[in-house]
2 protein chains.
Amino acid sequence: MDDLQALGAESTTSDHGPDRLTTIKVIGAAGDHDGPLLRQLLLPMHPADVAELLAHAPRETARTIFTLVGDDLDAEVYAELEDELRELALEYIPASKLAQKLDDLDTDDAAAIVAELDDEDRAEVLAAASADVRVAVEGALSFEEETAGRLMQREFVAAPQHWDVGQTIDFMRKTGEDLPDLFFDIYVVNPAMKPIGAIPVSKLMRARRTVLLEDLMETPEIIVEPETDQEVVAHAFQKYHLISAPVVDRSGRLTGMITVDDIVRVIQDENEEDLLALAGVRDASAGDTVWSSVRSRLPWLVINLATALVASFLISKFEASIEKIVALAIMMPIVASMGGNAGTQTVAVAVRALAARELNAANSVRIIFREVVTGIVNGAFFALLLSSVALIWFQSTLLSLTIALAILLNLSMAGLAGILIPLALKRLGQDPAVSSGVLVTFVTDMVGFVAFLGLATLIIL
Amino acid sequence: MDDLQALGAESTTSDHGPDRLTTIKVIGAAGDHDGPLLRQLLLPMHPADVAELLAHAPRETARTIFTLVGDDLDAEVYAELEDELRELALEYIPASKLAQKLDDLDTDDAAAIVAELDDEDRAEVLAAASADVRVAVEGALSFEEETAGRLMQREFVAAPQHWDVGQTIDFMRKTGEDLPDLFFDIYVVNPAMKPIGAIPVSKLMRARRTVLLEDLMETPEIIVEPETDQEVVAHAFQKYHLISAPVVDRSGRLTGMITVDDIVRVIQDENEEDLLALAGVRDASAGDTVWSSVRSRLPWLVINLATALVASFLISKFEASIEKIVALAIMMPIVASMGGNAGTQTVAVAVRALAARELNAANSVRIIFREVVTGIVNGAFFALLLSSVALIWFQSTLLSLTIALAILLNLSMAGLAGILIPLALKRLGQDPAVSSGVLVTFVTDMVGFVAFLGLATLIIL
């Protein structure tokens with residue numbers, strides 16, 4: 001591959017990103033406050049690599065870079081930065097300079113930057129921005145977070161249905177400036193500006209100049225309304241393998257487009273959110289401080305403490321039983337822990353299926369049934385296994401019977417609660433990833449301790 | 001939006017997918033074994049919608065559809081089907097028919113279908129396929145699963161560096177058939193067929209015909225080797241907002257391209273894998289039966305049982321202490337549960353950061369430090385809180401002191417183990433999502449029970 005790199009390919013897949021040597025040089029140049037060298041090193045780099053280098057470099061280096069060459073960095077660099085670093089950048093770069101940079105970005109990226117600013121910075125930047133940017137950004141911000149309106153760019157290519165391929169290509173050659181930098185489909189509109197077709201650019205380019213757009217276009221797979229949740233849009237992109245999709249306003253007029261690169265970010269973000277939420281973490285990034293980490297984890301631990309205290313309170317009701325048979329104290333964590341784990345498994349399966357839109361009204365009965373039966377089967381297996389262990393360990397048939405019944409009951413409950421709780425939260429309009437885990441663990445803890453200690457009290461004592 | 005739908009737009013974003021009425025009609029037509037009606041209903045639908053309908057319909061409906069109209073379904077329908085349904089389809093459609101359909105697909109999709117067949121079906125289908133398909137599919141299957149080689153399609157557009165825009169467009173107009181259906185970038189190659197540049201189609205189309213490709217092209221952000229792990233490729237696509245990327249063979253010659261729609265699937269799959277793995281589930285889909293659900297969850301529950309039994313064994317060593325102070329049995333689940341949850345939080349944060357390539361050699365020391373300090377801070381907070389609860393509940397300063405120390409120790413250990421275990425697994429080449437959770441919970445269970453009961457024995461007794 002040396003040859004390729006000599007020819008200028010930035011990197012092969014296995015080692016993409018700013019290379020170590022460049023990073024060291026940049027940190028050195030920042031240490032020397034060598035503006036020209038920083039410019040020489042950073043300006044040829046891909047904006048995403050500059051952003052990554054800034055994220056990984058010491059904060060001091062980032063500060064120096066913003067101070068010395070912040071004005072010269074590509075607008076895209078700011079679009080790629082994490083929020084935290086962008087805030088830092090704003091301390092060193094005047095709002096007016098940032099506002100100028102917004103002009104170079106597609107409106108969705110400009111809006112994303114402005115959305116993350118605090119109110120004061122936002123007002124300052126918008127006041128200094130061009131009218132075009134201001135209108136576009138304010139338009140985007142008028143939609144809720146995580147809706148299609150926030151992902152949409154106002155730059156798109158549309159052509160009337162009666163045009164032919166030649167006219168369309170000539171129009172695009174002439175218009176130049178006002179078109180988006182990159183586009184993948186052109187939209188065919190009727191006289192009311194409603195999108196009635198889409199043509200991939202590669203198809204347009206290969207068609208004969210006299211072919212009518214009407215004869216070349218296909219009906220768009222989806223037409224997006226800006227109020228739609230970004231997850232719904234992302235699902236449609238995935239399902240239909242879309243590269244771009246048209247967005248319409250209330251009257252059905254074409255007002256923007258959404259491109260797949262933004263959807264890739266949405267898919268990644270939504271997945272990360274679910275993964276963290278299931279583990280009880282509110283938010284996480286590599287740039288987090290101790291303080292932000294504590295804040296994002298404490299709430300769930302507090303809730304967990306509350307449920308653990310309820311469990312302890314219930315255990316304390318069986319104090320007399322435990323005093324008589326210490327084996328109960330020894331075995332009870334097993335019943336609760338197995339139930340908790342089985343419940344978490346079911347919740348993960350349910351959250352994944354809901355996110356992938358595989359779990360719906362049509363098949364929910366079948367899937368609830370499957371989860372409960374899975375719980376019963378697993379429960380029966382571990383009832384056998386664990387009662388044998390208990391029999392050998394404590395030589396007590398009654399204890400063995402108790403633990404068998406308790407584990408069968410708890411694993412069945414884990415299946416039932418593990419599927420019903422996420423479904424119920426979803427139906428209530430809540431995010432099932434956020435609180436299903438704690439609710440299900442609460443159920444399996446309660447059932448685990450109470451079933452085991454209660455059955456023991458009934459059967460053995 | 002009625003207007004739009006009247007004009008033929010299949011759906012708005014909020015209700016994309018096969019509509020309920022069509023689904024009911026299809027199920028009815030299948031019940032009547034009405035082949036012509038099925039054809040009339042299914043053939044105009046998007047292949048992804050047909051696949052979704054088949055996935056949600058009763059198995060009997062799917063069987064009838066494959067029998068009556070399987071030959072007429074678009075090849076893309078088979079590319080969209082879940083493995084399970086594709087196997088079902090093969091029972092009703094001769095291998096020779098399926099082989100013909102592969103000709104209509106891009107090679108990556110054809111390879112994905114063949115890869116999922118069992119050995120016998122695979123041999124049969126490949127024997128009946130055209131030479132082109134056979135070579136392409138066998139080429140793709142020669143690469144490991146989850147590598148770039150499996151995602152790559154052999155159809156791409158390349159042009160020599162000395163061509164101008166006009167020549168290139170004319171070439172594409174003439175070649176037609178052999179080009180991929182859709183493409184987003186054309187690659188510029190040197191005489192040795194090495195990709196030295198890429199030009200987005202939208203840029204090519206707008207350039208004047210006399211412009212040289214050399215002057216229009218940009219260095220490709222990445223050049224993919226087919227052995228590369230698909231996660232690495234996906235990360236590069238995300239980072240650089242790529243729509244397609246060139247793939248080269250060992251000698252650096254252009255042999256294929258990877259497009260973003262496949263990357264979207266990879267990102268989704270990898271994320272789902274991580275989410276399920278963290279919860280101890282091996283694999284899941286809406287089509288799972290009870291039996292496949294049990295199999296995908298039992299292994300982790302068995303491991304969990306083993307660790308729970310070790311914990312019980314350790315608890316049993318403190319039988320004498322528990323007999324004297326039943327409050328120990330009441331409080332000990334709290335210490336273990338808090339530790340387990342804090343550990344799981346840290347593991348989720350670490351797995352996310354590793355997957356997003358945010359956690360690396362450069363910042364791992366800082367992040368380990370952050371996690372440990374976060375553990376200590378959370379530990380101190382809950383030590384205070386829980387010791388107050390214990391003091392009020394059991395009126396014992398010593399018990400209160402014991403629980404404070406135990407929780408501080410366990411939450412600190414949760415931070416340390418929660419970050420070190422995923423990092424160690426990653427370094428050992430293991431998937432940190434798969435076993436970090438169980439290992440960390442094992443540590444926090446042990447530390448939780450032993451620290452609490454041990455300290456209690458030392459301090460109180």
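So that the names make sense, note that chain A is the first sequence line, chain B the second, and so on, each numbered from 1.
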Residue part contacting chain A, namely of [X], when any heavy atom lies under 4.5 Å:
X	answer
B:F183	both
B:W393	side chain
B:K239	both
B:L328	neither
B:L301	both
B:L275	both
B:V294	both
B:H56	side chain
B:L385	side chain
B:E52	side chain
B:T23	neither
B:L298	both
B:E371	side chain
B:R265	neither

Heavy-atom pairs under 4.5 Å with chain B are the metric here; pick the option from [options] that has the most.
options	answer
A:N363, A:T307, A:V351, A:L305	A:L305
A:A433, A:A279, A:A192	A:A279
A:R20, A:K203, A:Q345	A:Q345
A:R352, A:E358, A:R366	A:R352
A:F381, A:F382, A:F369	A:F382
A:E227, A:R297, A:M338	A:R297

> So which part of A:L278 gets closer than 4.5 Å to some heavy atom of chain B, the side chain, the backbone, both or neither?
Replying inline: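 When you check distances to chain B, only side chain atoms of A:L278 fall under 4.5 Å.
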
> By a 4.5 Å heavy-atom criterion (distance strictly below it), what part of A:V290 contacts chain B: side chain, backbone, both, or neither?
Replying inline: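 A:V290 touches chain B through backbone and side-chain heavy atoms alike.
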
Beyond-backbone contact of [X] with [Y], side-chain heavy atoms, under 4.5 angstrom:
X	Y	value
B:E323	A:E323	no
B:F184	A:V201	no
A:I243	B:V260	yes
B:V232	B:R357	yes
A:E225	A:V247	no
B:E319	A:I330	yes
B:M332	A:P333	yes
B:L309	A:I334	yes

Do you know which of [options] has the most heavy-atom pairs under 4.5 Å to chain A?
options	result
B:V302, B:I263, B:L242	B:V302
B:A207, B:A353, B:A55, B:P200	B:A207
B:N341, B:V373, B:T344	B:N341
B:F318, B:W291, B:F237, B:F313	B:F313
B:I315, B:D229, B:T374, B:D261	B:T374
B:V438, B:N378, B:L359, B:V264	B:N378

> Do we see a donor-acceptor contact under 3.5 Å between the side chains of A:S296 and A:D288?
Replying inline: no

At their closest point, which heavy atom of [X] faces which heavy atom of [Y], and how far apart are they?
X	Y	answer
B:R206	A:P180	NH1-O, 3.2 Å
B:F449	B:A336	CZ-CB, 3.7 Å
A:S251	A:K194	O-CE, 3.4 Å

>> Measuring from atom NE2 of B:H46 to atom CD of A:E221, what distance do you get when rounded to the nearest 0.5 angstrom?
In response: 3.5 Å

>> side-chain contact (heavy atoms from CB on, under 4.5 Å), that's the test. Do B:H241 and A:E80 meet it? Break it down for me.
In response: CA-CA 11 Å; B:H241 310 288; A:E80 299 287 342; 2.6 Å; yes

> Are any side-chain N or O atoms of B:T228 and backbone N or O atoms of B:V224, one a donor and one an acceptor, separated by less than 3.5 Å?
Replying inline: no

>> Looking at B:R208, is its backbone amide N or carbonyl O close enough to the side chain of A:R173 to form a donor-acceptor pair, meaning the two atoms are under 3.5 Å apart?
In response: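 Judged by distance alone, no pair lies under 3.5 Å.
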
